[in-house]
Amino acid sequence: MDKTYEPRKVEEKWYRFWIDKGFFRASTTSQQPPFSIVIPPPNVTGSLHIGHALNNTLQDILNRYKKMKGFNVLWVPGTDHAGIATQTIVERELLKEGIKREDLGREKFVKRVWKWKEVYGKRIIEQLQRLGASCDWSRERFTMDEGFSLAVREAFVRLYNDGLIYRGHYLVNWCPRCETALSDLEVTREETKGKLYYLKYPILSEDGSSDGFVVVATTRPETMLGDTAVAVNPNDSRYKHLVGKEVLLPVVGRRIPIIADDSVDMEMGTGALKITPAHDFTDFEIANRHNLPKIQIMDFRGRMNENAGKYKGLDRFECRARIVEDFEREGILQKIEEYNLQLGKCYRCGTVVEPMLSLQWFVHTPPLAHPAIQAVEEGRTRIIPEGWKNTYFEWMRNIRDWCISRQIWWGHRIPAWFCRDCGGITVSVGEPKVCRHCLSPNIEQETDVLDTWFSSALWPFGVFGWPEQTQELRIFYPTSVLVTSFDILFFWVARMMMMGIRFMGDVPFRDVYIHALVRDEKGEKMSKTKGNVIDPLDIMDEYGADALRFSLTALAAQGRDIRLSLPIIEGYRNFMNKIWNASRFVFLNIDGKLRGEYSDSWFSFKSEELSVADKWILTRLNRVIREVEESLEKYEFDKVARLIYQFIWGDFCDWYIELVKPVLSGNNTGAIKRTQAVLIKVLASSLQLLHPIAPFITEELYSRLRGIGFTLKTPGGEDAESIAVSSYPVFKENEIFEDAHQEIEFIKQVIVGIRNLRAVVRAHPSSKVDVILVPDNEAVLERIKRNSDHIANLSRASVIISQHEKPKKAIAQVVEGLQIFLPVEGLIDVDREMERIKREISKLIKDLEVSQKKLSNRDFLERAPEDVVEKEREKFEELSQKKRKMEEVLEKLKEVGT
RNA sequence: GAGCGCGUAGCUCAGGGGGAGAGCGCUUGCUUGACGCGCAAGAGGUCGCAGGUUCAAAUCCUGCCGCGCUCACCA
């Protein structure tokens with residue numbers, strides 16, 4: 001066995017083993033309770049990033065844990081076609097070859113994208129496998145595979161027939177670069193420095209002559225070309241007299257009315273608002289109230305159209321500059337101010353979004369949102385951590401209709417056909433032959449595709465074969481938990497809730513666990529442009545998948561972002577190595593094969609046969625088992641990791657192994673056998689606890705345990721050929737030994753005390769020192785007697801127990817009920833040691849004062865719970881005893897100095 | 001503008017009404033028969049600030065300061 005764990009030597013082997021054995025395959029005939037998770041499907045063209053690593057590690061932990069608990073676990077994997085994102089990437093690649101998508105035409109282009117999908121979809125799947133994801137790959141799905149396409153059409157048709165999908169002319173967010181409509185969510189607002197332009201519109205008097213100006217303020221002067229009114233607040237005394245009059249729209253020369261509308265804020269700008277109904281959401285609504293015409297002045301690429309007159313053909317930003325110039329020349333530009341505004345940008349490409357009037361498809365969401373809100377209110381779906389509930393409610397309660405049509409090629413084509421004869425719409429799952437309304441065969445399918453998130457919303461039941469009523473749906477829906485990050489709470493989680501309830505009549509998941517975002521060590525979001533990405537694949541190459549997984553788990557505290565850095569990962573890589581070496585120690589101390597000695601109810605020692613140390617470690621183990629399970633059930637992943645880390649390193653390695661070394665090198669065969677058994681039991685259980693987080697190293701070490709003849713059982717009671725299918729450790733009340741636990745905890749203090757004294761006298765680690773232990777009472781005396789070997793071995797001391805004699809010249813330590821003396825002959829830095837003791841005494845005095853104050857406070861005595869008061873009394877007693885002893889120690893020191 | 005989260009050791013973070021914790025880093029010592037990716041012993045903190053509630057506040061409440069995020073059609 002190597003001295004250092006080398007993950008690269010084993011990881012691939014074990015993953016193949018798990019797959020070959022079919023351990024990740026779920027059963028549709030099992031009697032076991034189901035546990036199911038659907039993966040948040042990564043983008044097909046994407047590459048595994050650190051966020052995926054976290055997301056899938058957490059899911060894997062839950063799945064592997066439940067598997068070991070005997071559940072019929074199903075983790076459904078898959079990928080998302082990610083419409084706009086994927087199309088953009090493929091377009092960019094094609095451009096490198098000098099090909100535009102229009103050159104290929106729709107059909108050929110889509111074929112090219114499928115090719116990409118084949119290559120890159122596979123890549124991300126391999127990367128997930130590299131991470132160790134225990135997905136049931138036989139059930140891998142893609143949001144555009146045949147079955148899923150059927151589900152999408154079915155859902156669309158049903159919603160349409162129920163009147164929840166409609167088509168109409170509305171103002172939508174439009175990306176002029178992607179040339180498609182976007183939903184509200186796909187627009188991100190960014191604070192941008194801009195300018196506020198004050199434009200003077202000449203007022204027309206009754207006779208048509210000019211009569212002064214009304215000044216409007218705007219951040220987008222170019223939109224004035226499409227102005228159809230100026231609006232003021234009806235209560236605005238500055239403008240009251242102008243309502244009903246007209247202004248002459250400069251440059252254009254059109255007459256437009258001055259109207260009154262309540263929604264105009266008198267404080268804002270000049271209080272007079274120019275109305276461009278076809279390019280602004282507020283204006284659109286005002287226009288509807290006043291029956292104003294809507295003049296579109298741009299084409300879908302963001303260039304001025306024929307309605308822009310002489311500006312036709314200009315890009316919208318060029319046009320802005322020209323308009324401003326022209327206003328200035330005419331003397332009707334009053335002023336320009338610096339102005340910060342929240343600009344809407346396309347979340348995919350960052351282009352400034354243009355509100356555009358167009359014919360689009362929408363989902364009418366409030367009727368879907370209502371039951372989805374209720375489900376969370378009633379706790380049928382729990383959101384964890386709870387804080388996100390409010391965010392969910394907030395969004396759901398203010399939900400607006402969802403624009404689902406996209407003018408791109410890659411995606412689910414909307415299953416609607418338009419009739420060239422009667423203009424009617426036929427919506428159908430299969431391809432219709434004739435128009436539903438006039439029976440004309442002269443029909444044509446909608447060219448728009450659906451928003452990617454429309455199909456993602458069906459994921460939790462689409463993957464199980466919906467709309468067919470499959471066995472999988474019956475068993476695994478609702479899924480047990482969804483693990484995701486908060487940035488797609490609205491995009492995805494909320495919509496799955498709506499669709500799941502609508503089509504399945506039940507929530508899509510019992511729990512939603514929302515985890516953090518992974519940031520860099522400075523707390524910044526990782527991005528390729530910033531160059532601060534930590535690539536999980538590099539990390540796995542260098543440190544191993546387990547180290548990465550453990551790092552992410554240990555940092556996955558609820559409600560806080562993860563700041564990941566290499567030193568942290570290195571630390572947990574070291575932990576993996578520690579486990580490796582602890583196991584190595586165990587193996588080195590078991591000669592030959594166990595020959596099944598321990599495999600069949602192999603741990604069968606009666607409590608009186610166990611040593612105090614054995615009892616101590618078993619107590620610790622059992623408590624850790626319980627705490628780990630409690631934490632897992634609450635999704636407290638960081639706590640799980642900490643508990644296991646502390647137990648393996650801090651308890652098992654630092655103390656148990658050290659305590660047991662003399663036994664193993666002794667010649668008491670019975671004691672050796674028993675110790676070996678405890679070592680194996682504790683090691684095996686530790687590996688099991690660790691397995692969900694670090695599957696590879698634990699499998700490797702388990703295989704070595706099998707090599708020496710030790711086997712775990714499956715939940716079904718059979719020999720487990722893999723730790724992945726072994727039965728999770730169970731808390732056993734009869735392996736809790738409170739007395740032994742306290743005894744070893746006490747002995748640890750004694751040992752640390754002596755080591756501390758050794759450091760004071762600068763004793764060389766290999767040299768022995770003489771110490772005199774002076775116990776207060778019989779109980780302490782007995783404890784020390786029982787453990788004098790442990791003390792002597794772990795502190796390299798010759799121990800003398802004395803109830804009366806105390807050395808004259810010595811340095812000392814005090815632990816509860818015990819003084820530890822180390823005689824010295826003036827070879828030490830007495831002043832420094834005195835300083836140390838004095839510091840300690842003054843701290844004791846301070847603590848005593850606090851305690852004293854409490855105990856002399858009548859309110860405390862009367863109102864505090866009895867046990868708290870009692871504990872305070874004990875504490876006071878203990879502190880004052882310790883103080884007395886420390887003072888004594890100080891006296892001894894003085895003598896050393898003389 | 002509204003809402004949410006976070007300020008605890010030099011750094012990264014647990015904890016969350018009754019004796020301040022971990023890892024890393026730092027100091028000192030170590031060819032300790034598992035491991036130097038290690039062992040041992042240490043130093044290091046008015047728990048952001050100010051009030052309040054309470055017998056008792058790092059912990060609960062209010063305000064403030066700082067950092068971050070989300071939502072919002074505001075010219």
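Per chain, numbering begins at 1; letters A, B, ... match sequence-line order.
One donor-acceptor pair, N or O on each side, does fall under 3.5 Å between the base of B:C37 and the side chain of A:Arg573.
Distance CG (A:Leu664) to P (B:U32): 19 Å, rounded to an integer number of Å. For the pair A:Ile657 CD1 and B:G38 C1', the interatomic distance rounds to 13 Å; values are reported in whole Å. In this structure, A:Leu566 atom CG and B:G25 atom P are separated by 14 Å, rounded to whole Å. Rounded to whole angstrom, the span from the CD1 atom of A:Ile648 across to the C1' atom of B:A34 amounts to 14 Å. Between A:Lys274 atom NZ and B:C74 atom C1' the separation is 14 Å, expressed in whole Å. Following rounding to the nearest Å, A:Arg642 (CZ) and B:U12 (P) show an atom-to-atom distance of 17 Å. Remark: C1' of B:G33 and CD of A:Glu658 are 11 Å apart, rounded to the nearest angstrom.
When the side-chain nitrogen and oxygen atoms of A:His764 are compared with OP1 and OP2 of B:U31, one or more of them lie within a distance under 4.0 Å. For B:A34, one of the phosphate oxygens OP1 or OP2 lies less than 4.0 angstrom from a side-chain nitrogen or oxygen of A:Lys661. For the OP1/OP2 pair of B:A56 and a distance below 4.0 Å, the side-chain nitrogens and oxygens of A:Lys854 include no atom meeting the criterion. Close to B:A14, at under 4.0 Å from its OP1 or OP2, lies a side-chain N or O of A:Arg560. Contact annotation: A:Asn581 does not reach the phosphate of B:C37 (side-chain N/O to OP1 or OP2, under 4.0 Å). For the pair A:Lys578 and B:C35, the criterion of a side-chain N or O lying under 4.0 Å from OP1 or OP2 is not met. Within the structure, every side-chain polar atom (N or O) of A:Arg762 is placed at least 4.0 Å from both OP1 and OP2 of B:G29. For the OP1/OP2 pair of B:C73 and a distance below 4.0 Å, the side-chain nitrogens and oxygens of A:Arg400 include at least one atom meeting the criterion. Checking the phosphate oxygens (OP1, OP2) of B:G38, a side-chain nitrogen or oxygen of A:Asn574 falls inside 4.0 Å.
Here the nucleotide nearest the side chain of A:Trp649, chosen from B:A34, B:C13, B:G38, is B:G38. The side chain of A:Phe490 approaches B:C71 more closely than any other nucleotide in the set B:C71, B:C74, B:A14. Minimum atom distance to the side chain of A:Arg563 is reached by B:U12, of the listed B:C30, B:U12, B:G36. Distance from the side chain of A:Arg189 is smallest to B:C73 among B:C73, B:G18, B:A40. For A:Gln342, whose side chain is taken as the heavy atoms from C-beta onward, the closest listed nucleotide among B:G18, B:C35, B:A72 is B:A72.
Looking at A:Lys9 and A:Asp2, their side chains come closer than 4.5 Å, going by heavy atoms from C-beta outward. At a threshold of 4.5 Å between non-hydrogen side-chain atoms, the residues A:Ser767 and A:Arg758 count as touching.
Across all strands, A:Glu878 comes closer than 4.0 Å to base atoms (heavy-atom distances). The residue A:Leu879 sits close to a base: some heavy atom pair falls under 4.0 Å. Across all strands, A:Arg397 comes closer than 4.0 Å to no nucleic acid atom at all (heavy-atom distances). Using a 4.0 Å heavy-atom cutoff across all strands shown, A:Ile568 reaches sugar-phosphate atoms only and no base atom.
Note on A:Glu835 versus A:Arg839: no salt bridge recorded, every NZ/NE/NH1/NH2 to OD/OE distance being 4.0 Å or above. Using a 4.0 Å cut-off between charged nitrogen and carboxylate oxygen, A:Arg220 and A:Glu222 count as a salt-bridge pair.
Of the two residues near RNA chain B, A:Tyr5 and A:Ser583, the one whose nearest nucleotide lies more 5' is A:Ser583.
A distance-only check finds no donor-acceptor pair linking the side chain of A:Thr228 to the backbone of A:Leu292 [under 3.5 Å].
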